[in-house]
Amino acid sequence: MNSFFKAIFDLLFPPRCLSCQNLLISGEEQGFCPDCQTRISFLFPPFCQICGSPLPAGVQSSNICHRCTVSAPPFEICRSVGRYDSVLMEAIHALKYQRKIPAGVVLGKILSAHVANLLPFGDYDRIIPVPLHKKRLRKRGFNQSLILARAMARDFSLPLDFQSLKRRVHTDPQIGLGRKQRETNVREAFECVRRDQIANSRILLIDDVYTTGSTVRECSRVLLEGGAKSVAVATVARA
Ligand SMILES: [Zn+2]
Ligand SMILES: [Zn+2]
């Protein structure tokens, strides 16, 4: 949008903070007011070297968490912006349940800015969002992970691929389920449908929230089985 039309648009639909809904003063392009920005619970090292879960203070970042030691994930590395609470949770809810697409664009930019230092973006060939089943897609109207992935693909000039990985099994929302149940739910839920496209590629997989890791583990497993060379994961929030 050119600046003239943007000014008119902002006058008609003044931008509001994605979390507290207060009007944003012009120039606050990040989507959150300064107050809410300070309330984002960013994750700080030390992290598990593989899955990125926060480790107790004082532990070396070269360490690996208990879960990854017991069962190594198929992905190489996973990193997230912050905890799934307050500001990030409100913005993700605004995107998923109130269909506020701009919230997704802002979250995608925050994800780009944050993980740019943690992941070697030059190493990836394509960005793939965790897919929704077509039933859920019809109900919601869009895939929130695709909106995040699109913003990142633009920021890093990487090809966006939302066709190679499909969700073939519809699962009920996983809220309130434990890890074992989630693992059972997502087993065989995904399918790699364009093996020729992903053969030998180094994939960056995007999801909105990392809860137990079951979903991104299963997606990664399917992509590797489909011929991908490696999978790295980035999510906005971590429960
Ligand atoms: Zn705010
Ligand atoms: Zn770990």
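What you see below is based on every heavy atom in this structure, not just the backbone, and it leaves out hydrogens, waters and symmetry mates. Numbering of residues begins at 1 and proceeds along the displayed sequence.
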* To do: State whether a side-chain donor-acceptor pair under 3.5 Å links Thr235 with Asp207.
  => no
* To do: Please say which of Leu148, Leu146, Leu205, Asp208 ends up in a side chain to side chain contact (heavy atoms under 4.5 Å, CB included) with Val130.
  => Leu205
* How long is the gap from OH on Tyr124 to CG on Leu119, to the nearest 0.5 Å? -> 4.5 Å
* **Shared hydrophobic cluster, Met89 / Val81 (ILVMFWY, side-chain heavy atoms < 4.5 Å)** => yes
* For Leu137 against Phe142, the heavy-atom pair lying closest together -> CD1-C, 3.5 Å
* Asked: Closest heavy-atom contact between Glu76 and Ser230?
  -> OE2-CB, 3.6 Å
* **Interatomic distance, Leu204 atom CG to Ser201 atom OG [nearest 0.5 angstrom]** => 11.5 Å
* To do: State, yes or no, whether a side-chain contact exists between Arg221 and Arg217 at a heavy-atom distance under 4.5 Å.
  => no
* What about Val233 and Leu132, same hydrophobic cluster or not, with Ile/Leu/Val/Met/Phe/Trp/Tyr joined at side-chain heavy-atom distances under 4.5 Å? -> no
* Structure fact -> To the nearest 0.5 Å, atom CG of Leu223 lies from atom CG of Leu165 at 5.0 Å
* Are Phe42 and Val236 connected in a single hydrophobic cluster, I mean Ile/Leu/Val/Met/Phe/Trp/Tyr linked by side-chain heavy atoms less than 4.5 Å apart? -> yes
* Structure fact -> In short, Val105 meets Ala151 closest at the heavy-atom pair O-CB, 4.0 Å
* Asked: Taking the six-membered ring of Tyr210, is NZ or CZ of Arg238 closer than 6.0 Å to its centre and within 45° of its axis?
  -> yes
* Asked: Shared ILVMFWY cluster between Val209 and Ile101, side chains joined below 4.5 angstrom?
  -> no
* Is it the case that one hydrophobic cluster holds both Tyr97 and Leu107, taking links as side-chain heavy atoms less than 4.5 Å apart, direct or via other members? -> no
* **Whether over 12 other heavy atoms sit under 6.0 Å from Arg202 CZ** => yes
* Would a 4.5 Å heavy-atom cut-off, applied to side chains only, mark Cys68 and Pro73 as touching? -> yes
* Spacing of Arg126 atom CZ and Ile203 atom CD1 [to the nearest 0.5 Å] -> 7.0 Å
* Indicate yes or no: does Lys229 engage Asp125 in a salt bridge with an N to O separation below 4.0 Å. => no
* To do: Give the C-alpha distance, both sets of side-chain angles, the deciding distance and a yes or no for side chain to side chain contact (heavy atoms under 4.5 Å, CB included) between Phe32 and Val87.
  => CA-CA 9 Å; Phe32 295 109; Val87 182; 3.3 Å; yes
* Asked: Which atoms form the tightest heavy-atom contact between Val222 and Cys192, and what is the distance?
  -> CG1-N, 3.5 Å
* Derivation of the side chain to side chain contact (heavy atoms under 4.5 Å, CB included) call for Asn185 and Ser214 -> CA-CA 9 Å; Asn185 261 0; Ser214 309; over 6 Å; no
* Does some side-chain heavy atom of Ile77 sit less than 4.5 Å from a side-chain heavy atom of Ile50? -> no
* Asked: What is the minimum heavy-atom distance between Asn143 and Pro129, and which atoms define it?
  -> ND2-CB, 4.4 Å
* Asked: Heavy-atom distance under 4.5 Å between the side chains of Arg16 and Asn22, does that happen here?
  -> no
* Structure fact -> Rounding to 0.5 Å, atoms CG (Asp85) and CD (Glu90) come to a distance of 9.0 Å
* Asked: Regarding Ser164 and Arg195, is there a side-chain donor-to-acceptor distance under 3.5 Å anywhere?
  -> no
* **Whether over 12 other heavy atoms sit under 6.0 Å from Asp35 CG** => no
* **Inter-residue atom distance Leu158.CG - Met152.CE, 0.5 Å rounding** => 9.0 Å
* Asked: What heavy-atom pair brings Phe75 and Cys51 nearest, and what distance separates the two atoms?
  -> CE1-CA, 4.0 Å
* Are the side chains of Phe47 and Ser53 in touch, meaning some heavy atoms are under 4.5 Å apart? -> no
* Asked: Side-chain contact, heavy-atom cut-off 4.5 Å: Cys33 with Cys20?
  -> yes
* If you measure from the Lys or Arg side-chain nitrogens to the Asp or Glu carboxylate oxygens, is any gap between Glu188 and Arg168 under 4.0 Å? -> yes
* Asked: Just by modelled atom types, is the Asn63 backbone N or O under 3.5 Å from a matching donor or acceptor in the Gln49 side chain?
  -> no
* Donor-acceptor side-chain pairing of Arg83 and Ser41 below 3.5 angstrom -> no
* Is Glu183 salt-bridged to Arg67, cutoff N-O under 4.0 Å? -> yes
